[in-house]
Amino acid sequence: MLIKFAVITVSDTCYQKEKEDKSGPALEKSILTLFPESTIFKKIVPDEVDVIEAELLELCSKQYNIVLTTGGTGFAKRDVTPEATKRVIEKEAPGISIAMVTRSLQSTDMAMLSRAVCGYRGQTLIINLPGSVRGAIECLSFIKGSLIHVVHLLIDKVEDIQRTHNHLQSPAPSKVKINQVAMRNRQSPYKMIEVEEALKLIFDNIQNLDQTEVIKVEDSLNRILAKDVYIPEPFPSFRASIKDGYTVKTEDGVGVRIVKNATAAGDDPKSNELRKGEVIRISTGAAVPYGADAVVQVEDTELVEYDDSCNEIKIRINVAPTLGQDIREVGSDIREGELVLSKFQNLRI
Ligand SMILES: *[C@@H]1O[C@H](CO)[C@@H](O)[C@H](O)[C@H]1NC(C)=O
């Protein structure tokens, strides 16, 4: 059902365009988020009790469902929104104002100064919200849960009202104590319904799972996967170093070595080839050059010779390496073609 909202900003300065209306647009945005199926009429009026009254009367006669005012509820001389509202409503709904004040009091004592009035005329519910952006948005969020039900009550949508009542009166989550057989309900507390009706309830309340779409990975957070995902290549896809240190040939063992070059993450392993008696400096995550079969961590080495610009010329390997040490082999984390994400999985961080 489409809900017709009206947002009335009550402010002399906004009306005279001396100040920009911030609360009206903020409320509009918030309403569209909370109640996507709604239309919103917006207007700015001055703090004149007759003008506000006339505007509210007109909205009621046009059968708007919910009219939210923002501003004019304080103690300043010209704050008259509640007075205008009282003139228009046929019945007051103080519970809504109490809900807003009670919740607002949890963050500020100033909430007790609210003079907001809520009530209805015909099919139109009128609610006074505070004038500040934050206050208005917060108060709307405190009462959002019951607004649709009020709209149904006011326009007498019998079916929807019944559904809400049934929902409120249905038994609370099971209190059965499984091991106390004697105390269990002898009759089911739930009303028996036809299979057809049960299926309808289920299908009315689940989302259509046939609808799939192709989206970018970066937009996929909190989405549900439609298909299994298999990794197209092994991970890592190259032999990667686990440590900062030197790539070596194991057969060279301990001793002094010439530092041939240095390689970092992102470098092509083909651009370096290691020969006997040489080492190549390597950083964590970098591709291991051809010809190397182990990495010796920097802690197990010492500097022997360096040039004027402090570049390493020779180092000593102090601990004999073992074959494959500190190298993540191709596919050691995930083999090519392995299942990495399953159908219906919720994509979370
Ligand atoms: C030194 O390593 C870099 C990065 O891997 C590479 O581009 C360059 O060709 C290497 N130089 C020599 C002389 O091997």
Side-chain angles (χ1 to χ4, degrees), residues 209 211-349:
L209 293 178
Q211 284 173 1
T212 64
E213 58 178 333
V214 178
I215 56 171
K216 290 189 187 147
V217 170
E218 57 263 39
D219 298 330
S220 64
L221 190 62
N222 290 325
R223 303 286 292 254
I224 309 288
L225 262 180
K227 277 193 205 165
D228 287 339
V229 176
Y230 297 92
I231 193 166
E233 54 178 58
F235 185 83
S237 57
F238 54 86
R239 299 166 75 218
S241 175
I242 296 173
K243 299 269 180 68
D244 284 344
Y246 298 87
T247 56
V248 300
K249 283 184 181 291
T250 317
E251 61 187 56
D252 287 348
V254 296
V256 175
R257 305 275 169 262
I258 297 163
V259 181
K260 188 193 175 196
N261 201 350
T263 183
D267 290 341
D268 183 353
K270 284 189 286 257
S271 58
N272 275 301
E273 193 175 341
L274 193 70
R275 294 200 186 82
K276 230 179 130 33
E278 299 169 343
V279 297
I280 292 178
R281 199 179 233 280
I282 192 163
S283 47
T284 307
V288 173
Y290 282 14
D293 59 16
V295 170
V296 175
Q297 62 179 8
V298 73
E299 291 84 346
D300 294 341
T301 66
E302 69 191 68
L303 185 60
V304 173
E305 194 183 325
Y306 56 96
D307 65 16
D308 297 342
S309 326
C310 290
N311 293 314
E312 299 168 326
I313 296 176
K314 286 180 185 168
I315 56 111
R316 170 190 284 280
I317 300 288
N318 289 335
V319 180
T322 57
L323 192 66
Q325 109 184 352
D326 285 335
I327 295 177
R328 282 161 69 214
E329 292 295 339
V330 172
S332 59
D333 287 349
I334 312 172
R335 285 189 312 275
E336 183 181 337
E338 241 182 84
L339 179 71
V340 279
L341 294 166
S342 312
K343 192 174 171 174
F344 298 144
Q345 189 170 335
N346 190 351
L347 297 177
R348 293 174 195 275
I349 297 172

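Indexing begins at 1, ligand by ligand and atom by atom, following the structure's order.
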Engineer: I need the nearest protein heavy-atom contact for atom 4 (C) of ligand 1: residue, atom name and distance, please.
Structural biologist: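 It is D267 OD2, 3.3 Å.
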Engineer: Once you restrict to heavy atoms under 4.0 Å, what part of P289 touches ligand 1? Side chain, backbone, both or neither.
Structural biologist: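 For P289, no heavy atom sits under 4.0 Å from ligand 1.
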Engineer: Using a 4.0 Å cutoff against the non-hydrogen atoms of A262, which atoms of ligand 1 qualify?
Structural biologist: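 The list of qualifying atoms is 2 (O).
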Engineer: Return the CD1 to OG1 distance between I280 and T263, rounded to the nearest 0.5 Å.
Structural biologist: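 Rounded to the nearest 0.5 Å, the CD1-OG1 separation comes out at 7.0 Å.
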Engineer: If you measure from each heavy atom of P269 to ligand 1, is any distance below 4.0 Å?
Structural biologist: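 No; P269 lies far enough from ligand 1 that no heavy-atom distance drops under 4.0 Å.
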Engineer: For D228 and K343, indicate whether the former's side chain and the latter's backbone hold a donor-acceptor pair under 3.5 Å.
Structural biologist: yes
Engineer: With no hydrogens and no angle check, just 3.5 Å: does a side-chain donor-acceptor pair link E302 and N318?
Structural biologist: yes
Engineer: Check each of D268, I282, N261 against atom 10 (C) of ligand 1 and report the one with the nearest heavy atom.
Structural biologist: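 Comparing heavy atoms across D268, I282, N261, the nearest one to atom 10 (C) of ligand 1 lies in N261.
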Engineer: Might you work through the side chain to side chain contact (heavy atoms under 4.5 Å, CB included) test for V330 and R239, ending with a clear yes or no?
Structural biologist: CA-CA 5 Å; V330 172; R239 299 166 75 218; 4.0 Å; yes
Engineer: Quick check for you: to the nearest 0.5 Å, what is the distance between L303 atom CG and E312 atom CD?
Structural biologist: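 The distance works out to 6.0 Å.
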Engineer: Note the single closest protein heavy atom to atom 7 (O) of ligand 1, along with its residue, its atom name and the distance in Å.
Structural biologist: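 Result: S271 OG, 3.7 Å.
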Engineer: What protein heavy atom is closest to atom 5 (O) of ligand 1, reported as residue, atom name and distance in Å?
Structural biologist: N272 ND2, 2.8 Å
Engineer: Does E299 come within less than 4.0 Å of K243, counting only side-chain N to carboxylate O?
Structural biologist: no
